[in-house]
Structure formats: C-alpha cells, structure tokens
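Report on one structure; see the data block that follows.
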Amino acid sequence: MNDGRMMEKLHNIQTTYGYIPENEIEKLADEYAMSKTKVYGVISFYSMFHTEPTGKYLIRICNSLSCHLNRSDDVVTGVQEYLGVESGETTEDKKYTLEIVECLGHCGEGPVMMVNDKIYTHVSKAAALKILKECM
Amino acid sequence: MGETLFLKRKVSEDYSHYDFPILKKVIKMRREDVIAEIKASGLKGRGGAGFPTGLKWELALKEPGDEKYIICNADEGEPGTFKDRFLLENTPLQVMEGIIIAGYAIGANKGYIYIRGEYAKAINIFQDAINHAKEEKLIGDSILDSDFSFDLQLVKGGGAYVCGDETSLINSIEGNRGISRITPPYPIQNGLYGKPSVVNNVETLTAAAEILAQGGKTYANLGTDKSKGTKLVCLSGDVKEPGVYEVEFGAMTLREIIDEFGKGTTGELKFVIPGGVSTAILTDDQLDIPYTYEDIANVGSGLGSGAVVVVSEGHDLLELLQNVSRFFMDETCGTCFPCREGNRRVYHLLKEAVNKGGFTSDDMKLIKDIGKTIYLAARCGLGQTSMCFIGSVLEKYTDELLARR
C-alpha cells in the first residue's frame, strides 16, 4: 500500500506520544507490509523524528551560516551552559531537549530559535535564557 | 530603483475571498495554449536548477498515461533562503492557484505540496487554505464547472535538506528514506509511483499563475534576453536591512541590491555568496555585475535559489568554512560515498586546521582534491555543489588561510 501518508502518520504518532514508540513501528510495518527494519530506516533518516522520548520542550537553535554571522554561537553556548546538555540530549528533569540544527528559514531575522512549534527571531543569549525560564 | 513588483504585487491583499480568478481564465484555455504562454514568458525554475518551466510542462503533457502528478517543492532548506516561506505565509492561495494551473496544464488530477517540517506556521496557513478551497469547491471534482478534477495533499517533511532534490522528495512522499534516484529517467517520465510527474518550486508556480494573469509577453519584457522576469532575492548576513526583495533581472547590480535594499553592510564587505551556500563566493571587485543568471555564471558562480548572503570583515574564515562544511556533512543522504565520506573528511580536515592553528598547502590540496571527487561522483545536486563555497574561499583567500600558521 502506498498512499503518500507515511510521513503524516509518523508526524501524528510523534505528536501523540512525543516520540515514535516501537509498538507503533510494528503497526506501521503491518499496515504497509514493510519490515520493521525498513520503517525504522525511514524514521532514522529524518532528523525531526525521535524514537526515544524527548523533553516537554524541544529547543532548536539554528547555527547555519546566516545565523552564525549574526552570532548564533553565543546563543548556542549560553543555552548549552544553562541547560547543562549538548545537542541531541535531554535534561535530567525531562523538561528540555536541545537540538542545534541547520537552517530554519528565517535567515534575515537571526539568530533564530524554536521552542516546539514556535519561532523566536533576533534572539540574543539573554533573550534565549528568558524564553527558557518562561517555559512552564 | 525600487522593487519590481510582480510576485509581491498581491502580498498586502486580503485573501479571504480570493476565488482563483486566474484559474477561472486558464481552465477555459486549451492545455497547449497555457503551456505556450509559459514558454513565451521564458520562466525558469526558481528552486536553483533553472530548468525552463514551459518545456518541463510540455514534456509532461506529451507523456502517455492518465495518471500524472504535479508536486510543489516547498522543502526550502538552502541556508540563506526564505522566499518560499514568505510566499506560503503571505500568498498561500496564489501558490495553490499555481499548483492547480500546472496540474491542469500537464493533465494531472492529483497534486502534492511538500513543505519542510520546520515551517510550522506556513504548514498551518497552507492546510487552512486547502480546507478553505475544498469548502469553496475550488478543489475537488469538476472544479469551476469544468470537466477538470483536482485533489491536493500537503506532505510535511521530516527535516532533511536533501529532500529539496526532486527525486529525493518523491521518495519521501512515497514513505521512503529521502535519498536521490539515478537520473535518467527523470521524474517527467518516471516520477511519483513511477508515473509522469512535474516537480516545481513554490516561486516558480506562483510566477506561473501571475504570468497567466498578465500574459507571457508582459513577463518576457521584464529582465534580459537570457534571464526573463523577476526574482525574489533573500538578503541576509551582514546587511542592515535583510529581507525578501523582488528584483527585475538585469535592472540592478549585486552591489546595488546590497546597498539599496539592504541599506549597506554592517561592516567592511569581504565577500558575497550570490545563491546560497551551494554557490561560489564573489569578492568585492566582482559585485558590479547585473543580477542575472548569465552575469553571475560569467564570474564563476550561480544565482542558485536567490539567497544573497553578505559577509563582512571580522569573521574567522576557518570558522565559516567549518560551518558550511558541517551543513553538508549533516545533510548528505549518504548514498554516494564520495559525498558522504568526502564531506565528513573535509569537515575533519578543517577542524584539525582550527586545532593546530592553521592550514598547510597540503591540507588545501587535499580538500580541493576531495571536492573534485565529490563533484564528479555525486549523483544529485547536493553533492555536486557541496564544495562550491569551500573551494571558492580556498581559491580566493589562499594567502590569508596559509598565513594563519
């Protein structure tokens, strides 16, 4: 079966659980008559999909060229120090997952940071820490 | 010299009652005549590759078979590029009108728009626009009392730059890993689900709709012989007023775009990337050229996606090289190993150079050699252009890089 809805289903599962759990991978494998390995292969290709639980807040900071020129490194190191985690890691209290990512498409308004689906532009280190502190 | 408003003409308009006036006109035309109008306009693909749009549509129409697809590529990911997001957020119904018109022209009853997953706002806006169009029966069976039926589905990307390549994007819609396919056959013959498919960029389809409103000749009268019409330029980096500006080809030089729209640089200008990080840099003495495909190609670079990134003095060149190199190392799909291993190797060579405090001529030779290998061996645009920026910086700033030791 190929209905062009695999990506949508993966996104929906992740929205429901916060990640893509193994039993859902099994269900998809049955539904699409694919091996579990192949479904896992699809999931692992895309950086937005997670197979482990992430924090309540997914923090993405762009560090591509235009943001870099606008000193995104300061934001990156500031947030890393504040949260005490590196890119791809989740804080112990499961509140934040940090991802240093490539271009988020707001190159004229850098540095740019995303908290779950919300975009913040012209972010300084101080502004980034304030945003994090306001996540309840 | 101000902006030439063609695509941006309707940005401030209220779209809540927009009922596809251009489509209403087009749907009464013969398919061949629609395509002839696009061919007369001289429109080229605005995603970066620059393939003539009218020709692409004509080839797709001539392909045998009832099942064809039109796919709108909104997987905008080239660092420095944000024009498609601008169009999706500000003129979603005109983008959609472009998709439906292209579907009509090539004889496709089903369309997809593949929007990168990080564009949460654009995705919400566009999904609302699709729902609105379905309610108003502007999408569905026998639209606008014609015998043309059309369905449109939004696919949300998963965060993979390589899916901006049309064959990778098709694999992704099919629910596979987004790796490129070997071409030929091109999607026009063998695309989505093995059927004839046209993949067009957001800006291209929006321009196509407006061309059919104003006429191919009106568009062709803008620009130069080889670069017709207008282009959305995304200005970012070290400029005072970054943003999306619409430029008539040939009407302004690169320097004028930076000075007049960008209100100048924030520091002393060092170099400019004219078309995103997949294109070669231009130095200060190369900026007094008209903004056209041909003039930028003549000085050894490309217009790419329209992402003009301005870099001023004061940045560490090695850091910039490492930044771009990391991007390609992260984003290569890993299918062609010279691209996968080559970009990784270049990143580590640059990192080592930072650690040991500088570059040797051997490092430089090795990086150039790897770059050439990737260019020759990679099967998609990502790999082929991955070393353009790095190669051009090494060439133009050899002395500066070697002097760091």
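Throughout, protein chains are lettered first and strands after them, A, B, ... in sequence-line order, and every chain is numbered starting at 1.
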Heavy-atom pair count under 4.5 Å with chain A, highest-scoring of B:Lys121, B:Glu78, B:Glu174: B:Glu174
With rounding to the nearest 0.5 Å, note down the distance linking CD1 in A:Ile43 to CZ in B:Arg177. 11.0 Å
Quick one: does any side-chain atom of B:Tyr161 pair with a main-chain N or O of A:Cys103 as donor and acceptor, under 3.5 Å? no
Donor-acceptor contact present, side-chain A:Ser47 to main-chain B:Gly159, <3.5 Å: yes
Of the backbone (N, CA, C, O) and the side chain (C-beta and beyond), which part of B:Val310 lies under 4.5 Å from a heavy atom of chain A, both, or neither? backbone
Taking everything shown except A:Lys125 itself, do over 12 heavy atoms lie less than 6.0 Å from its NZ? no
Can you name the nearest heavy-atom pair linking B:Arg116 to A:Leu104, along with the distance? NH1-C, 3.8 Å
Mind listing the closest non-hydrogen atom pair of B:Tyr193 and A:Gly4 along with its distance? OH-N, 3.1 Å
Option in B:Gly178, B:Gly175, B:Gly117 with maximal non-hydrogen atom pairs under 4.5 Å from chain A: B:Gly178
When you measure from the side chain of B:Asn323 to the backbone of A:Leu65, do you find a donor-acceptor pair of N or O atoms at a distance under 3.5 Å? yes
By a 4.5 Å heavy-atom criterion (distance strictly below it), what part of B:Ser312 contacts chain A: side chain, backbone, both, or neither? neither
Measure distances from A:Asp117 to the heavy atoms of chain B and classify the residue's part below 4.5 Å as side chain, backbone, both or neither. both
B:Tyr69 versus chain A, the contacting section by heavy-atom distance below 4.5 Å: neither
Quick check for you: among A:Lys38, A:Met6, A:His68, which has the greatest number of heavy-atom pairs under 4.5 Å with chain B? A:His68
Between CZ on residue A:Arg71 and NE2 on residue B:His315, distance to nearest 0.5 Å: 9.0 Å
Separation of A:Glu102 CD from B:Glu331 CD (nearest 0.5 Å): 5.5 Å
Taking NZ, NE, NH1 and NH2 as the nitrogens, is one of them in A:Glu109 or B:Arg85 under 4.0 Å from a carboxylate oxygen of the other? yes
Looking only at heavy atoms, which two atoms of A:Tyr46 and B:Cys163 are closest? And how far apart? CE2-SG, 4.0 Å
Would you say the side chain of A:Asp73 lies within less than 4.5 Å of the side chain of B:Glu319, judging by non-hydrogen atoms? yes
B:Glu76 portion near chain A, given a 4.5 angstrom heavy-atom threshold: neither
In Å and rounded to the nearest 0.5 Å, what is the CZ to CD1 distance from B:Arg326 to A:Ile100? 9.0 Å
Quick check on the interface: out of A:Gly105, A:Gly110, A:Ser66, who has the most heavy-atom pairs with chain B under 4.5 Å? A:Gly105
Report, as yes or no, whether the 6.0 Å neighbourhood of atom NZ on B:Lys263 holds more than 12 heavy atoms from other residues, nucleotides or ligands. yes
Can you name the nearest heavy-atom pair linking B:Ala160 to A:Phe45, along with the distance? CB-CE2, 3.9 Å
Main chain of B:Val155, side chain of A:His11: is a donor-acceptor contact present, judged purely on distance under 3.5 Å? no
Do A:Glu8 and B:Lys156 make a side-chain contact, defined as non-hydrogen atoms from C-beta onward lying under 4.5 Å apart? no
Assign the ring pair B:Tyr119 / A:His106 to parallel, tilted or perpendicular, where the plane angle (0 to 90°) is split at 30° and 60°. perpendicular
Closest non-hydrogen atom pair between B:Pro242 and A:Gly108, with its separation: CG-O, 3.1 Å
Quick one: CD1 on B:Ile173 to CE on A:Met7, what's the gap to the nearest 0.5 Å? 9.5 Å
A:Cys107 to B:Ser236 - nearest heavy-atom pair and separation: O-CB, 3.4 Å
Residue A:Asn116 versus chain B: region with a heavy atom under 4.5 Å: neither
Cut-off 4.5 Å, heavy atoms of chain A, and the answer for B:Ile179 is both
Result of checking B:Val239, B:Thr266, B:Leu320 against A:Leu69 for side-chain contact (heavy atoms from CB on, under 4.5 Å): B:Leu320
Atom OH of A:Tyr57 with >12 non-hydrogen neighbours under 6.0 angstrom: yes
If you round to the nearest 0.5 Å, how far is CE of A:Met34 from CG of B:Asn176? 6.5 Å
